[in-house]
Structures are given as structure tokens and as C-alpha cells.
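Below is one structure, written out as C-alpha cells; comments come after it.
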Amino acid sequence: MPPADAPTPPPLRFQPMAPPDAERLEAARKLFAGPCDFVKGVVAMDGLPAADRPEVCFAGRSNVGKSSLLNALTGRKGLARTSNTPGRTQEINYFALGGLEGGMGYLVDVPGYGFAEAPVAKVQAWQALLRAYLSGRVTLARAFVLIDSRHGVKPADEETMALLDRAAVTFQAVLTKADKLKPKDRDRAVEGLGRTLNAHPAAYPEVIVTSSESGEGIPDLRAVIHGLMAP
Ligand code: GTP
Ligand code: MG
């Protein structure tokens, strides 16, 4: 035990997200319970929709659970295609939150990075598109960088974080598949992630622990997105 008059240690810079207030949670729940329509799949930068509203994207290694998270957020299982095969999502898929007419913003599902079960030339093309998108999309309000809570940060994640640093795009780390984590490994996963994030100036100081299976963290993530689209 430290003596009673010992100075309080500085708080960890990276913390699990603090619970959002009830009003924000309810507004976010309503937003995500409303329409969310597929707009288009984009294969080149000149195919992006007009940059007329804020958007957030879900980036991460192949198979980390990007598409599943989008489905969990919107409560629609088949909205984004998911699969056991890494490399399922091969285009930048736009979804209009609030519907095609007068929607508040876009949710963007992007191809994964790292290993993918697809032809090399194809993978290289979509990786180049992903880099161009992450560093050049003016209306990208935040990139969520998904990290598998069992595996932690890999070199390909670090590369993406460095790219977002250079482009000055704020990114927020989201741990996925928390349902597969033993309780004792949970703090370790957040701490390990925090150590990595310390080296990245573009990292948002709260991490979100999620499971698309159990629904953990989903209302919180909805609240964050609502805050970005309706501040
Ligand atoms: P790519 O499009 O290939 O880059 O993959 P992705 O990141 O979109 O992953 P996807 O959502 O397709 O999920 C990959 C696999 O992980 C699927 O078999 C999902 O069922 C599984 N999965 C995703 N999220 C969770 C989760 O929260 N818990 C568990 N247990 N499994 C999950
Ligand atoms: Mg996917």
C-alpha cells in the first residue's frame, strides 16, 4: 500500500470508454434502429459518393470482424456480408445511416488488410484503394481500427495507425470478439493496446471493447458515432 499522502499516479492515457450519458445512448439507439441503406460498393477513389456528410469507417485486419460489427450496430444480420474466409469484403461499401434520403452520415465497411484468401493482384489493388481512402477522404470523421482482442496489435495494424497519423485522421481502437476473451485476459488486452496507442498521435484516448455476438460495447459505439454525426 502506498502511504496515504502519496501523490496520485497520473491516469492511464488510454482507458476503456466511459459510459455515455442516457440521453446520448437513447438518441443513438433510435438512430441505429431507423433505416440504414446500402448505397454502393466503391472500387476506385473517383467512385466515392459526394463528400457531403460525415462518415466513419471500420478498418482492420481481414477477419477481425468489421462487417459483423456493422451488422451488430444496425441490428441487421445480413446488411454487410461476413465470412470465415479472410478477404470477404473487397470493396469500400457505403451505408447511409438514417436512409438514402436525408441520412445523417455514412457507415463505411472497408476491405481488410493483412492476409486474404484472394489473388495477389486483386489484394494489392484493394489495399492501395484502402490506403488512398484512409488518407484522402475529407469527410472521414473517424476511423475505427478494429483489433482482435485475442491476438492484439499486429505489424499491419501499426502500419495503418502510422498512415492515419501521417494523414491526421483521428482513429479509435475497438477490440473485437470480446466474448472469446477470458475475464482475466481482458485488462491485459486493453493495457497492451494502450501501450501501442501511446506511440500514435492520431489515436483517440478511449478504446471500446466489443462483441458482435454478445452485444457488449455496441450501444457505446453507437453513441460515439451518433456524437460524430450529430454533435
Ligand atoms: P474481411 O471482410 O474478410 O476483411 O473480414 P471482416 O473483418 O469483415 O470479418 P467478418 O465480420 O466477416 O467476421 C469474420 C469471422 O469472425 C466470422 O466468422 C464472424 O462470425 C466472426 N466474428 C465476428 N465478430 C465476432 C464476435 O464478436 N465474436 C465472435 N465469437 N465471432 C465473431
Ligand atoms: Mg468484411
Side-chain angles (χ1 to χ4, degrees), residues 8-33 36 54-61 64-75 97 104-110 134 140-153 157-158 160-161 164-165 168-231:
T8 336
L12 269 180
R13 199 175 143 223
F14 289 94
Q15 306 270 12
M17 184 185 161
D21 66 62
E23 228 170 278
R24 175 72 74 184
L25 277 171
E26 178 55 14
R29 187 195 64 74
K30 276 201 184 128
L31 174 63
F32 280 83
C36 184
E55 64 194 53
V56 297
C57 73
F58 304 93
R61 294 169 68 226
V64 69
K66 300 174 292 294
S67 301
S68 301
L69 190 65
L70 203 136
N71 291 341
L73 284 167
T74 56
L97 189 59
M104 306 194 50
Y106 291 125
L107 303 176
V108 185
D109 189 20
V110 304
L134 288 177
L140 182 56
R142 190 168 298 176
F144 294 102
V145 176
L146 277 51
I147 306 289
D148 191 316
S149 55
R150 299 163 304 169
H151 305 319
V153 177
D157 299 311
E158 292 257 27
T160 300
M161 291 176 186
L164 293 164
D165 287 337
V169 173
T170 303
F171 70 87
Q172 185 161 13
V174 174
L175 285 169
T176 62
K177 309 191 187 183
D179 57 287
K180 294 213 171 182
L181 210 58
K182 295 196 185 79
K184 69 174 172 53
D185 293 329
R186 170 175 292 257
D187 291 348
R188 206 179 308 160
V190 176
E191 265 174 48
L193 178 57
R195 276 193 298 278
T196 301
L197 295 176
N198 267 319
H200 293 282
Y204 189 80
E206 289 183 330
V207 305
I208 308 178
V209 182
T210 65
S211 165
S212 300
E213 288 279 316
S214 74
E216 175 180 354
I218 300 300
D220 307 67
L221 183 51
R222 286 187 190 130
V224 171
I225 296 170
H226 183 272
L228 291 165
M229 293 184 181

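Worth knowing before you read on, the calculation uses all heavy atoms, side chains too, and leaves out hydrogens, waters and symmetry mates.
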* Asked: With Asp148, which residues qualify under side chain to side chain contact (heavy atoms under 4.5 Å, CB included), at least two apart?
  -> Val64, Arg150, His151, Thr176, Lys177

* **Within residues 216-231 or reaching into it, pairs that qualify as side-chain hydrogen bond (donor to acceptor under 3.5 Å, both in side chains) - sequence neighbours excluded** => Arg24-His226, Arg186-Glu216

* Distance from Ser212 atom OG to Leu73 atom CG, nearest 0.5 Å? -> 7.5 Å

* **side chain to side chain donor-acceptor pair (under 3.5 Å) partners for Arg29, two or more places apart** => Glu26

* **Nearest heavy-atom neighbours spanning Val209 and Ala178** => CG1-CB, 3.6 Å

* Asked: Residues two or more places apart in sequence or in another chain: which of them pass side chain to side chain donor-acceptor pair (under 3.5 Å) with Ser214?
  -> Ser211

* Kindly write out the residues that satisfy ring pair (Phe, Tyr, Trp, His ring centres under 6.0 Å) with Phe58, not counting sequence neighbours, or none if the list is empty. => Phe144

* To do: Quick one: closest heavy-atom pair of Ala59 and Val110, and the distance?
  => CA-CG2, 3.9 Å

* To do: Please confirm whether the backbone N or O of Leu175 pairs with a side-chain atom of Thr210, one donor and one acceptor, at under 3.5 Å?
  => yes

* What closest approach, in Å, do Ser149 and Leu181 show between heavy atoms, and which atom pair accounts for it? -> O-CD1, 3.6 Å

* To do: Nearest 0.5 Å please: distance from the CG atom of Leu97 over to the SG atom of Cys36.
  => 5.0 Å

* Validation row: Pro20, Met17 side chains within 4.5 angstrom (heavy atoms) -> yes

* Looking only at atom types and distance, does a side-chain atom of Lys66 sit under 3.5 Å from a main-chain N or O of Cys57, one as donor and one as acceptor? -> no

* Could you tell me the separation between the CZ atom of Phe171 and the CG atom of Leu140, rounded to the nearest 0.5 Å? => 12.5 Å

* **Ring-face cation contact, Tyr204 with Arg142, 6.0 Å cut, 45° max** => yes

* Nearest-0.5 Å distance, CG of residue Leu197 to CD of residue Glu158 -> 9.0 Å

* Asked: With side chains defined as the heavy atoms from C-beta onward, is the minimum distance between Leu193 and Val153 less than 4.5 Å?
  -> yes

* Asked: Got Asp165 and Pro201 here, is their nearest side-chain heavy-atom distance under 4.5 Å?
  -> yes

* To do: Could you walk me through whether Met229 and Leu107 pass side-chain contact (heavy atoms from CB on, under 4.5 Å), step by step?
  => CA-CA 10 Å; Met229 293 184 181; Leu107 303 176; 4.3 Å; yes

* **Check against side-chain contact (heavy atoms from CB on, under 4.5 Å), Ile208 and Val224** => CA-CA 10 Å; Ile208 308 178; Val224 171; 4.0 Å; yes

* Just by distance, do the side chain of Gln172 and the backbone of Glu206 share a donor-acceptor pair under 3.5 Å? -> yes

* Asked: Any side-chain heavy-atom pair from Val56 and Tyr106 closer than 4.5 angstrom?
  -> no

* To do: Output all residues satisfying side chain to side chain donor-acceptor pair (under 3.5 Å) with Glu213, sequence neighbours left out; order by chain, then residue number.
  => none

* To do: Kindly give the heavy-atom pair with the smallest separation between Ala72 and Ile218, and that separation in Å.
  => O-CG2, 3.7 Å

* side chain to side chain contact (heavy atoms under 4.5 Å, CB included) involving Thr160 - partner list, sequence neighbours excluded -> Tyr113, Leu134, Leu164

* Asked: At what distance, to the nearest 0.5 angstrom, does CG of Leu221 lie from CG of Leu69?
  -> 5.5 Å

* Residues in side chain to side chain donor-acceptor pair (under 3.5 Å) with Asp185, at least two apart? -> none

* State, yes or no, whether a side-chain contact exists between Thr196 and Met161 at a heavy-atom distance under 4.5 Å. => yes

